[in-house]
Amino acid sequence: MSYDNIRLDKGLYTSSKGFNAALEDIDPSENYKGTELEGLDAYQRQLKRFDIKVSGANSDPVSKFFATTDSAALFPEYISRAVRQGINESNIVEQIVASVTKVDSLDYRAIESVSNESPNADDVIIEGAFIPETTIKTKETLTPLYKRGRMLTASYEAIKSQKLDIFTVALKQIGEFISACQLRDCVRSMLTDDVEIMNFEDAEKGVQYTDLVKLWNSFNPYNMSTMLVDSQTMANLLNLSEFKDARAGQTFHGTGAPITPMGSQVLCVPMVSGQSIMALDKRYAVEMVQFGDIVTDFDRLIDRQLERASVTSTVGFSPIFTDAIKVMN
């Protein structure tokens with residue numbers, strides 16, 4: 001079947017596979033190897049079919065999606081992709097989580113790992129001796145998943161003449177909002193009773209170089225790969241004399257990239273409580289659980305009822321090794 005002859009309707013969104021997978025099943029991308037359409041997915045080929053330009057100076061107006069019944073079915077996917085682009089462009093969560101698990105149910109139990117004693121590379125297991133154990137089991141409680149999103153309230157009449165390029169910018173802002181909410185959920189998930197809390201040597205002065213050394217040293221056998229700080233703590237780090245040498249300053253002033261104390265990536269996260277540091281080993285700290293992808297009210301969007309059309313994403317977070325996370329304040 002040629003991509004020019006595919007019938008598009010709401011049923012593609014109700015497929016258990018999701019819109020993209022359902023459309024790929026009908027029109028596999030592998031059929032286009034060696035052609036001018038190679039590199040495009042099934043959705044992008046449909047945009048080409050209806051000559052809809054969603055970006056660039058010559059982008060089409062929103063109304064172009066609704067020129068035919070078939071092309072209107074592409075509009076919810078356009079919304080989802082624009083929101084996803086906003087999430088990806090401002091995504092700090094992906095720099096924190098160890099893995100992303102996609103699930104098809106809201107009931108999900110994460111795993112946890114517990115060692116019966118601290119590993120020691122110098123220990124030799126002699127014949128007949130006890131071998132140290134690491135127990136991996138599912139957690140007793142379900143991982144909470146949170147729906148985050150926004151409701152579109154613009155009327156079709158108000159936006160039908162708006163260029164898709166600028167409309168995409170507005171939709172990306174929704175994605176940025178969802179990303180910020182998920183970051184907050186991620187940080188909160190790591191603040192469990194099992195996480196070690198350490199104190200600055202001088203709470204009034206805030207973080208000092210000796211505090212960073214202490215924090216770094218406490219991570220054995222893990223690595224302190226990532227530090228989450230608020231803006232004030234970030235300012236304090238930048239003002240430490242140990243990080244004011246020419247090379248550190250050149251990197252920060254030239255690129256805007258913050259310093260990397262002890263080789264750790266420093267991320268400025270507003271939801272970290274004031275004058276504190278959340279440090280972690282990204283490889284082992286937290287799992288992200290994702291229920292589906294970006295979800296849109298496809299019925300309303302296809303029928304041009306944008307006034308009450310929701311755009312949401314449902315994810316949750318679960319610590320894997322709590323001793324790979326530490327907080328200092």
Side-chain angles (χ1 to χ4, degrees), residues 8-27 41-44 46-47 52 54 62 65-66 69-94 97 99-108 110 142-156 159 164 167-186 188-189 287-318:
L8 301 176
D9 55 37
K10 298 177 182 178
L12 291 169
Y13 290 97
T14 60
S15 168
S16 60
K17 297 180 179 180
F19 177 87
N20 285 296
L23 191 56
E24 281 285 343
D25 283 347
I26 301 172
D27 185 37
D41 62 25
Y43 165 76
Q44 292 168 329
Q46 289 301 309
L47 291 182
I52 300 174
V54 298
V62 172
F65 271 107
F66 299 94
T69 303
D70 283 292
S71 59
L74 298 171
F75 190 60
E77 178 61 15
Y78 156 74
I79 297 285
S80 296
R81 292 197 179 204
V83 172
R84 169 57 61 190
Q85 187 178 353
I87 292 177
N88 292 339
E89 288 181 357
S90 59
N91 199 346
I92 296 179
V93 170
E94 68 178 10
V97 298
S99 67
V100 178
T101 302
K102 295 188 176 182
V103 298
D104 56 8
S105 171
L106 293 174
D107 296 331
Y108 178 78
L142 295 173
T143 298
L145 303 181
Y146 303 100
K147 180 182 289 187
R148 301 295 190 183
R150 287 284 195 179
M151 188 77 72
L152 291 174
T153 58
S155 69
Y156 173 72
I159 67 169
L164 288 167
F167 190 50
T168 297
V169 174
L171 294 173
K172 285 166 59 177
Q173 196 277 332
I174 294 177
E176 186 171 344
F177 168 79
I178 293 175
S179 180
C181 291
Q182 292 175 350
L183 177 59
R184 184 178 295 107
D185 294 336
C186 181
R188 288 175 176 171
S189 75
E287 172 190 21
M288 177 178 177
V289 183
Q290 183 176 354
F291 176 64
D293 203 347
I294 300 296
V295 177
T296 62
D297 272 345
F298 60 88
D299 268 320
R300 291 180 176 273
L301 291 172
I302 293 174
D303 296 335
R304 311 185 196 187
Q305 300 175 21
L306 276 72
E307 291 88 346
R308 298 294 297 170
S310 64
V311 182
T312 61
S313 175
T314 303
V315 303
F317 300 91
S318 177

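If you're wondering where the values come from, they're calculated on a predicted model, not measured in any experiment.
- Of the possible donor and acceptor atoms, one in the side chain of S179 sits under 3.5 Å from a partner among the backbone N and O of S90.
- At least one side-chain heavy atom of L171 sits under 4.5 Å from a side-chain heavy atom of Y78.
- The shortest side-chain heavy-atom distance between I294 and I87 falls under the 4.5 Å cut-off.
- A side-chain donor-acceptor contact under 3.5 Å links D9 to the backbone of G11.
- Screening V315, T312, D185, T314 for a side chain to side chain contact (heavy atoms under 4.5 Å, CB included) involving R148 leaves a single residue, D185.
- F298 has its ring centre no less than 6.0 Å from the ring centre of F19.
- Atoms CG and CG, on L74 and L301 in that order, are 12.5 Å from each other to the nearest 0.5 Å.
- Side-chain contact annotation: Q182 with S313, donor-acceptor N/O pair under 3.5 Å present.
- Interatomic distance, CD of Q173 versus OG1 of T168, reported as 13.5 Å (0.5 Å rounding).
- Here the side chain of Y156 pairs no donor or acceptor atom with the backbone of V62 at under 3.5 angstrom.
- Put simply, the side chain of N91 gets close to the backbone of E94: a donor and an acceptor are under 3.5 Å apart.
- Taking 4.5 Å as the limit, some side-chain heavy atom of R184 sits within range of a side-chain heavy atom of R188.
- By the 4.5 Å heavy-atom criterion applied to side chains, D303 and K10 are counted as neighbours.
- For S71 (side chain) and F65 (main-chain N/O), a donor-acceptor pair under 3.5 Å exists by modelled atom type.
- In this structure a side-chain-to-backbone donor-acceptor pair under 3.5 Å is missing from S15 to L12.
- Among R84, R81, K102, K17, the single residue meeting the salt bridge (charged side-chain N to carboxylate O under 4.0 Å, His left out) criterion with D293 is R84.
- At distances below 3.5 Å, not a single donor-acceptor pair connects side-chain atoms of E89 with backbone N or O atoms of G86.
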